[in-house]
Amino acid sequence: MVPFYRIAALLAEKPTGMEIAVNGWVRTRRDAKGGFSFLEINDGSGLANLQVIADEALPNYHDEVLRITTGCAVRITGVAVPSPAKGQEIELKASRIAVEGWADPLVYPLQKKRHSYEFLRTIAHLRPRTNSLGAVTRIRGSLSFAVHQFFHQRGFIQVHTPIITTSDCEGAGEMFTATSLDLDRLPTTGGKTDFGQDFFGRRAGLTVSGQLEAEAYALAMGNVYTFGPTFRAENSNTSRHLAEFWMIEPEMAFCDLAGDIDLAEAFIKHLVRHVVENCAEDFALFGRFVDTTLPDRLHRILAGPFPRISYTVAVAELHKSGRDFAFPVQWGADLQSEHERYLCEEVFDGPLVVTDYPKTIKPFYMRANDDGKTVAAMDILLPGIGEIVGGSQREERLDLLGERMTAQGLDLDEYGWYLDLRRYGSAQHSGFGLGFERIIQFVTGMGNIRDVIPFPRTPGSASG
Ligand code: 4AD
Ligand code: MG
């Protein structure tokens with residue numbers, strides 16, 4: 001049996017002088033004068049292509065090899081030899097080339113030229129075959145491993161929280177409904193849809209966050225985390241929002257807000273360091289072609305502690321700026337992305353932690369501070385991205401939590417299980433959520449969040 005190689009391993013190992021096999025997709029074919037052709041093959045294992053020399057002595061050279069075009073799937077056997085060409089150490093001298101799948105060049109949408117990201121979004125099923133989307137995909141996969149590595153190194157237990165749920169964690173009413181009712185013949189009661197007849201006997205939806213369930217497990221297991229898809233039916237057509245995105249949510253018992261921020265900071269640094277150290281080839285592509293300031297920006301994340309300021313101080317900084325923001329700055333109003341970007345890009349020129357937001361703009365579960373006006377919340381902002389992390393210390397006091405929920409119009413009976421966590425063995429606890437796509441944007445410099453997830457779901461778009 002001829003040993004089979006993935007191209008990345010082949011280029012790293014360079015097993016010259018012996019016969020080996022590779023599979024992949026043709027990026028280009030170039031015919032030389034002396035009766036042979038060059039094929040550039042990529043198999044997704046890395047950025048670099050393998051150059052294959054196809055000589056006219058191959059039995060199918062005239063019938064098939066000369067008809068090979070960009071996108072064809074091939075299986076190749078050959079001997080790796082040192083390459084005389086610049087920029088590659090080895091090439092493969094083919095002894096056999098089998099075309100497994102043709103790609104009609106008259107209709108195959110991916111040609112050799114550079115395509116815009118907008119165009120590539122219209123062919124989301126083919127775009128992983130491009131250099132940039134291939135590199136994003138490898139970095140995304142590697143970062144996912146780094147997420148689990150970080151928490152396992154620290155003894156956190158992964159819990160799988162439900163995707164279908166009846167609780168709207170963020171209280172923003174942005175849940176998609178999950179129903180099996182016949183939408184053309186909805187049962188009604190009192191003029192409203194009767195969800196009592198629905199699959200779950202009540203209205204259910206897709207989760208906006210695994211936090212509430214993670215809290216239940218933190219108050220039994222100590223330190224837990226979730227990493228899963230979350231869904232938001234918010235009509236935000238921006239380069240930072242998806243209707244379906246992946247979130248990592250750790251939750252820690254016996255931990256206060258400062259400890260929560262410490263963990264989030266260490267986590268962000270771990271992910272950034274992972275990409276710099278383990279995804280060097282793909283990372284270099286982004287530093288060269290997408291954003292030349294990227295390497296410097298990432299190294300500055302690792303350089304020192306993240307500054308921490310309160311929301312009140314942040315508002316004072318914004319007032320001091322004398323800027324004419326589109327959204328007026330006012331204590332009590334949420335920070336808009338223009339405010340966040342000004343603070344972290346112009347005032348602090350790096351990552352920034354903002355804490356202790358007004359309670360009126362934050363969800364019910366955040367712990368009330370003694371001032372009566374603010375809650376123990378924290379957001380972490382990154383240059384070019386804005387909010388990467390949102391978290392808080394949770395309200396562990398039953399009476400205060402009940403008051404807060406009632407004030408926000410929540411039905412206490414529906415959240416009976418969540419209140420039980422405060423009735424029995426309640427403890428100080430804290431957690432946060434980090435948006436997986438946003439950190440991928442940050443480490444790649446990709447401008448649009450739709451280009452860092454395989455099949456983006458956004459308002460008006462869910463195909464492929
Ligand atoms: O600030 P958020 O809404 O916080 C929560 O959901 C909490 N339950 C987390 C927790 O404390 N366990 O979302 C957390 C992060 C944001 O900081 C952002 O990075 C990301 O999730 N995020 C989105 N990413 C992409 N598209 C969207 N529509 C996002 N909404 C939030
Ligand atoms: Mg938030």
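In listed order, ligands and their atoms are each counted from 1.
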Margin query: What I want to check is whether the side chains of D356 and N369 have a donor and an acceptor closer together than 3.5 Å.
Written below: yes

Next item on the list: Would you check, one step at a time, whether the test side-chain contact (heavy atoms from CB on, under 4.5 Å) holds for F245 with R232?
Entry: CA-CA 8 Å; F245 64 98; R232 306 235 171 141; 3.6 Å; yes

Next item on the list: Could you tell me whether M378 approaches ligand 1 through its side chain, its backbone, both or neither, with non-hydrogen atoms closer than 4.0 Å?
Entry: neither

Notebook entry, point to check: If you measure from atom 28 (N) of ligand 1 to every heavy atom of T458, I439, D379, L242, which option wins on shortest distance?
Noted result: L242

Checklist line | Ring centres under 6.0 angstrom apart (H148, Y225) | finding: yes

Notebook entry, point to check: Between M247 and ligand 1, which part of the residue brings a heavy atom under 4.0 Å of the ligand: side chain, backbone, both or neither?
Noted result: side chain

Next item on the list: Go through the side-chain N and O atoms of H115 and T130 and say whether any donor and acceptor fall under 3.5 Å apart.
Entry: no

Notebook entry, point to check: Does F436 come within less than 4.0 Å of ligand 1, judged by its heavy atoms?
Noted result: no

Notebook entry, point to check: What part of I449 sits under 4.0 Å from ligand 1 if we count only heavy atoms: the side chain, the backbone, both or neither?
Noted result: side chain

Check: Counting both backbone and side chain atoms, is some N or O of I388 under 3.5 Å from an N or O of ligand 1?
Finding: yes

Next item on the list: Return a yes/no value for G435: is any of its N or O atoms, backbone included, closer than 3.5 angstrom to an N or O of ligand 1?
Entry: yes

Notebook entry, point to check: Going by the order shown, which atoms of ligand 1 are within less than 4.0 Å of some heavy atom of R240?
Noted result: 25 (C), 26 (N)

Next item on the list: Assess the side chains of W331 and T312: does a donor N or O sit below 3.5 Å from an acceptor N or O?
Entry: yes

Notebook entry, point to check: Taking NZ, NE, NH1 and NH2 as the nitrogens, is one of them in R341 or E387 under 4.0 Å from a carboxylate oxygen of the other?
Noted result: no

Next item on the list: Please indicate whether any nitrogen or oxygen in E251 is less than 3.5 Å from any nitrogen or oxygen in ligand 1.
Entry: no

Notebook entry, point to check: Which of the atoms of ligand 1 are close to Y365, meaning less than 4.0 Å from one of its heavy atoms?
Noted result: 7 (C), 8 (N)

Margin query: Please list the nearest protein heavy atom to atom 6 (O) of ligand 1 with its residue and the distance rounded to 0.1 Å.
Written below: R232 NH2, 2.9 Å

Check: Going by the atom numbers of ligand 1, which of them fall below 4.0 Å from some non-hydrogen atom of E234?
Finding: 28 (N)

Next item on the list: Give the numbers and elements of all ligand 1 atoms closer than 4.0 Å to a heavy atom of G390.
Entry: 1 (O), 9 (C), 10 (C), 11 (O), 17 (O)

Next item on the list: Quick one: look at W246 and ligand 1, take heavy-atom pairs under 4.0 Å, and tell me if it's side chain, backbone, both or neither.
Entry: neither

Note to self: Can you tell me which portion of E437 lies within the under-4.0 Å heavy-atom range of ligand 1? Options are side chain, backbone, both, or neither.
What the structure shows: neither

Notebook entry, point to check: Got the closest protein heavy atom to atom 18 (C) of ligand 1, with its distance?
Noted result: R438 NH1, 3.4 Å

Item checked: Protein residue, atom and distance nearest to atom 7 (C) of ligand 1, heavy-atom basis -> E170 OE2, 3.3 Å

Next item on the list: Distance to 0.1 Å, residue and atom name: give those for the protein heavy atom nearest to atom 12 (N) of ligand 1.
Entry: E249 OE2, 2.7 Å

Item checked: Ion pair R397/E395, N-O distance below 4.0 Å -> yes

Notebook entry, point to check: Can an N or O of S209 be found at a distance shorter than 3.5 Å from an N or O of ligand 1?
Noted result: yes

Next item on the list: Return yes if a side-chain donor-acceptor contact under 3.5 Å exists between S167 and T165, otherwise no.
Entry: yes

Note to self: Please tell me whether Y365 and Q211 have a donor and an acceptor in their side chains that are separated by less than 3.5 angstrom.
What the structure shows: yes

Check: Heavy-atom contacts under 4.0 Å between E387 and ligand 1: side chain, backbone, both, or neither?
Finding: both

Next item on the list: Check the pair R240 / E437 against salt bridge (Lys or Arg N to Asp or Glu O under 4.0 Å), numbers first and verdict last.
Entry: CA-CA 9 Å; R240 305 274 178 273; E437 286 74 21; over 6 Å; no

Next item on the list: Taking the six-membered ring of F442 (Phe, Tyr or Trp), confirm whether the NZ or CZ of R438 is under 6.0 Å from its centre and within 45° of its axis.
Entry: no

Check: Is F245 touching ligand 1 with its side chain, its backbone, both, or neither, if touching means heavy atoms under 4.0 Å apart?
Finding: side chain

Margin query: If you consider just the N/O/S atoms, which atom of E387 is the closest one to the Mg ion (ligand 2)?
Written below: OE2

Margin query: So, regarding R394 and ligand 1 (criterion: nitrogen or oxygen to nitrogen or oxygen, under 3.5 Å), is there a contact or not?
Written below: yes

Next item on the list: Determine, using ring centers only, whether F150 and F156 are less than 6.0 Å apart.
Entry: no

Note to self: Under 4.0 Å between a side-chain nitrogen and a carboxylate oxygen: does that hold for D198 and R202?
What the structure shows: no

